[in-house]
Amino acid sequence: MTEEHVPVLVVGAGPVGLSTAVFLARWGVPALVVDKRDPTLAPPRASVSLRTLELFRAMGLGPALDEVGWRGGPPMRTVFKDSALGTQLRHSGLPPAYSRRLETCSPADARQNLTQRELQQVALRRLSRDGGTVRFGTRLLDFTADEAGVRARVADTDTGAEREITADYLIGADGAGSGVRQRLGITVPDRRVVARLNTAFFRADLGDTLAQWETHLCFVRNEKVYATLFSKNGGDQWSSHIMDYPGKPDELTDLSAEKAVELLHAAIGDDTVPVELHAVNAWEAALGIASAFRVGRVFLAGDAAHVQSSAGGLGMNTGIQDGHNLAWKLAAVLNGQAAPSLLDSYEAERRAAAQASLTLSRRMYEGYRDQPSDPDDLYDAIAVDYLRGMMCYQYRSGAVLADAEPDREDVLDDHAEPGRRFPHHWVESGVSTLDLAGSDWTVFTGLPGTPWLSAAGTVGAEFGVRVRAHRLTEDSGLAPDGAVLVRPDGFVGWRTANLDADPERALRSVFGRILGRTARRA
């Protein structure tokens, strides 16, 4: 049997698996991604969030996303109508303070839109350049893992030819029905089905509806159907969650193409509009978090670790952030920069983020189900949950050094707090504080904090890691002579309000505690 070795084997070539491989490649780790199908051919289901745009921008892929994306309305901006072409009932969206926050909290454009299909295409092109390998038509048959590594057996889905792959680590990004999770014996004990619905993907020319709506998301309710309409390309490609219609069964039921088109015409409001149906899927919207995200050298990411309904639009994006969090830690361990204990922080951090994301999904679903008379009440209620679930959650783990309990309340706050994403500020035209950090360890200080800059270079060399160092002006919110250490994933790992008497000693201690090892001093 043919055998090969890779540092990391990723099972699942959906947006989470491919993104994780891109992140690993950025930090110097070539991964092998396998999938029994070619998920890039799937309908354009999920859309990217502002945080996902930000992460790909940090990988140098901002221009590539600009080429395939399109500009829509503000996040959560929604129009409610009796049909797509019919009477507009009202517009709703996040309260103004939260909308403004989304427009200003990131160097990425909050109104940029693209789906997982375009994201996967960009990821595949980057992997072909950076040395990652993707094999479609390759099924995982079985694997074993111990202290020495992972041994997996895979097969070609066409020929049945088997091969053996050894890896230092395995990541299961193989979806809600994850075979990796099942082989590990991990359950999703709190999984709860909240809806059974059908989603249709289709092409239709609806004229200038998007300009009239001033958004790309419409809820339709009339006597024939209750459904959504999502623009997938700013033009003629659409998806629709068909949530209810007269006679809809309680159990999960496939829709015929004829019935689907009939309901889509009811949602559009004109039976004469040609509808080119690409697919219609029956599925269960569920909420739940796996009992564990890791067993030894095997990790779960995305829907394999947590499932949520599409309400809120963060499911795929939360999974991509799983991969981003895990990738830099695996790279640090594989490159000898950190002890394996750093990997213990993955589940603690990502479980907190997944819980925040699921809280939004649950509250959004309940709001849609209960059909509030004033939709603004729903958006007022979930505004904090939306920002927290997307990018304002806070970590507590051994990879975050903080003296105080985390503040989970103020998502409008822009301070650089340990365990939270480092805030964006423009430092000059087109250059953000997040650009200064990039995907490396970074020390930020105020103008009087010059000793931190030389200390960062010295200590980084001792630990074998690249450390960027920058001074920021007072309007950045930093203490003038204090320091903030930003991790490679853009989260604050530590901060101090004052200049230490021995900055090198202070940073050496911080890096040692986070990385779980001592410096190699000359």
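Below, all heavy atoms of this structure are taken into account, side chains as well, without hydrogens, waters or symmetry copies.
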Using residues 119-127 as the side-chain source, report each donor-acceptor pair under 3.5 Å to any protein atom, sequence neighbours left out, with the distance given to one decimal.
{"unit_1": "Arg126", "atom_1": "NH1", "unit_2": "Met59", "atom_2": "O", "d": "2.9"}

Go through the steps to decide whether Arg297 and Leu170 satisfy the test side-chain contact (heavy atoms from CB on, under 4.5 Å), and finish with yes or no.
CA-CA 6 Å; Arg297 290 176 174 267; Leu170 185 150; over 6 Å; no

Sequence neighbours excluded, every pair satisfying salt bridge (charged side-chain N to carboxylate O under 4.0 Å, His left out) that has a member inside residues 42-58:
Arg51-Glu54, Glu54-Arg421, Arg57-Asp435

Under the criterion side-chain hydrogen bond (donor to acceptor under 3.5 Å, both in side chains), I'd like the reasoning laid out for Thr166 against His5: C-alpha separation, chi angles, the key distance, then a yes or no.
CA-CA 5 Å; Thr166 61; His5 179 80; 2.8 Å; yes

Sort and list the pairs that fulfil salt bridge (charged side-chain N to carboxylate O under 4.0 Å, His left out) and have at least one residue in residues 327-343, not counting sequence neighbours.
Lys329-Glu349

Taking side chain to side chain contact (heavy atoms under 4.5 Å, CB included) as the definition, give me every residue that meets it alongside Ala152, ordered by chain and number, with sequence neighbours left out.
Leu9, Leu140, Phe143

Taking every non-hydrogen atom, the tightest pair across Ala176 and Val307:
CB-CG1, 3.5 Å

Between Asp489 and Trp328, does the side-chain hydrogen bond (donor to acceptor under 3.5 Å, both in side chains) criterion hold? Intermediate values first, please.
CA-CA 7 Å; Asp489 61 351; Trp328 77 267; 3.2 Å; yes

Validation row: Arg362, Gln308 side chains within 4.5 angstrom (heavy atoms):
no

Between Asn325 (side chain) and Gln321 (backbone), is there a donor-acceptor pair under 3.5 Å?
no

Within the structure provided, determine whether Thr473 and Leu478 are in side-chain contact (heavy-atom separation under 4.5 Å).
no

Salt bridge between Lys36 and Asp174, side-chain N to carboxylate O under 4.0 Å?
no

Considering all heavy atoms, the nearest Ala339-Gly516 contact
CB-O, 3.3 Å

What are the two closest non-hydrogen atoms of Leu210 and Gly235, and how far apart are they?
CD1-N, 4.2 Å

Taken in chain and number order and not counting sequence neighbours, the residues that satisfy side chain to side chain contact (heavy atoms under 4.5 Å, CB included) with Thr133 are Leu32, Arg135

Suppose we screen for ring-ring contact (aromatic ring centres under 6.0 Å, His included). Which residues come up paired with Phe230, at least two apart in sequence or across chains?
His241

Tell me, which pairs form a salt bridge (charged side-chain N to carboxylate O under 4.0 Å, His left out) where one or both residues lie in residues 10-22, sequence neighbours left out?
none

Can you check whether Gly175's main-chain N or O pairs, donor with acceptor, with Asp303's side chain at less than 3.5 Å?
no

Could you tell me if the side chain of Cys218 sits less than 4.5 Å from the side chain of Thr228, heavy atoms only?
no

First locate atom CE of Met364, then atom CG of Leu314, and finally report the distance between them rounded to the nearest 0.5 Å.
9.0 Å

With Arg37 as the cation and Phe136 as the aromatic partner, state whether NZ or CZ is under 6.0 Å from the six-membered ring centre and within 45° of the axis.
no

Evaluate Leu53 against Leu65 for side-chain contact (heavy atoms from CB on, under 4.5 Å), listing each step before the verdict.
CA-CA 8 Å; Leu53 293 172; Leu65 295 188; 3.8 Å; yes

Give every donor-acceptor pair under 3.5 Å between a side-chain atom in residues 19-31 and any protein atom, sequence neighbours left out.
{"unit_1": "Ser19", "atom_1": "OG", "unit_2": "Pro15", "atom_2": "O", "d": "2.7"}
{"unit_1": "Thr20", "atom_1": "OG1", "unit_2": "Val16", "atom_2": "O", "d": "2.7"}
{"unit_1": "Trp27", "atom_1": "NE1", "unit_2": "Ser439", "atom_2": "O", "d": "2.7"}

Are Thr450 and Arg471 linked by a side-chain donor-acceptor pair shorter than 3.5 Å?
yes

If every non-hydrogen atom of Ala301 is compared with every non-hydrogen atom of Ile171, which pair is closest and at what distance?
CB-CG2, 4.2 Å

Less than 6.0 Å separating the ring centroids of Tyr346 and Phe299?
yes

Can you name the residues that form a salt bridge (Lys or Arg N to Asp or Glu O under 4.0 Å) with Arg71, not counting sequence neighbours?
Asp109

Tell me the closest heavy-atom pair linking Ala381 and Asp385, and the distance in Å.
O-OD2, 4.0 Å

So Asp322 and His306, side-chain contact (heavy atoms from CB on, under 4.5 Å) or not? Walk me through it.
CA-CA 10 Å; Asp322 292 343; His306 42 80; 2.6 Å; yes

In terms of side-chain heavy atoms, does Thr442 have a donor or acceptor partner in Asp440 at a distance below 3.5 Å?
no

Test side-chain hydrogen bond (donor to acceptor under 3.5 Å, both in side chains) on Trp238 and Ser231 and set out the steps.
CA-CA 5 Å; Trp238 303 86; Ser231 175; over 6 Å; no

Looking at Thr318, is its backbone amide N or carbonyl O close enough to the side chain of Arg350 to form a donor-acceptor pair, meaning the two atoms are under 3.5 Å apart?
yes

Residue set satisfying ring-ring contact (aromatic ring centres under 6.0 Å, His included) with Phe491, at least two apart, ordered chain then number -> Tyr393, Tyr395

Qualifying residues under ring-ring contact (aromatic ring centres under 6.0 Å, His included), relative to Phe422, sequence neighbours excluded
Phe444

Verdict with reasoning, Thr215 to Thr78, per side-chain contact (heavy atoms from CB on, under 4.5 Å)
CA-CA 6 Å; Thr215 183; Thr78 308; 5.8 Å; no

Interatomic spacing from CE in Met391 to CG in Asn317 - rounded to 0.5 Å
11.0 Å

Between atom CG of Leu515 and atom OG of Ser341, what is the distance when rounded to the nearest 0.5 Å?
9.0 Å

Would you indicate whether the side-chain heavy atoms of Phe293 and Ile186 approach each other to under 4.5 Å?
no

Mind running side-chain hydrogen bond (donor to acceptor under 3.5 Å, both in side chains) on Glu118 and Thr115 for me, showing each step along the way?
CA-CA 6 Å; Glu118 292 80 37; Thr115 72; 2.6 Å; yes

So, the side chain of Ser345 versus the backbone of Leu342: is there a donor-acceptor pair under 3.5 Å, distance only?
yes

Do Asp413 and Arg420 have side chains that approach each other closer than 4.5 Å (heavy atoms only, starting at C-beta)?
yes

Once rounded to the nearest 0.5 Å, what's the spacing between atom CD of Gln116 and atom OG of Ser47?
8.0 Å

Non-neighbouring partners of Phe511 that pass ring-ring contact (aromatic ring centres under 6.0 Å, His included), sequence neighbours left out:
Trp441, Phe463

For residues Val154 and Ile165, determine if any side-chain heavy atom of one lies less than 4.5 Å from a side-chain heavy atom of the other.
yes

Taking the side chain as every heavy atom from C-beta outward, state whether Arg101 and Asp414 have any pair of such atoms under 4.5 Å apart.
yes

Looking only at heavy atoms, which two atoms of Arg181 and Ala290 are closest? And how far apart?
CD-CB, 4.3 Å

Minimum side-chain heavy-atom gap Val134-Leu18 below 4.5 Å
yes

When rounded to the nearest 0.5 angstrom, what distance separates SG in Cys392 from CD in Gln394?
10.5 Å

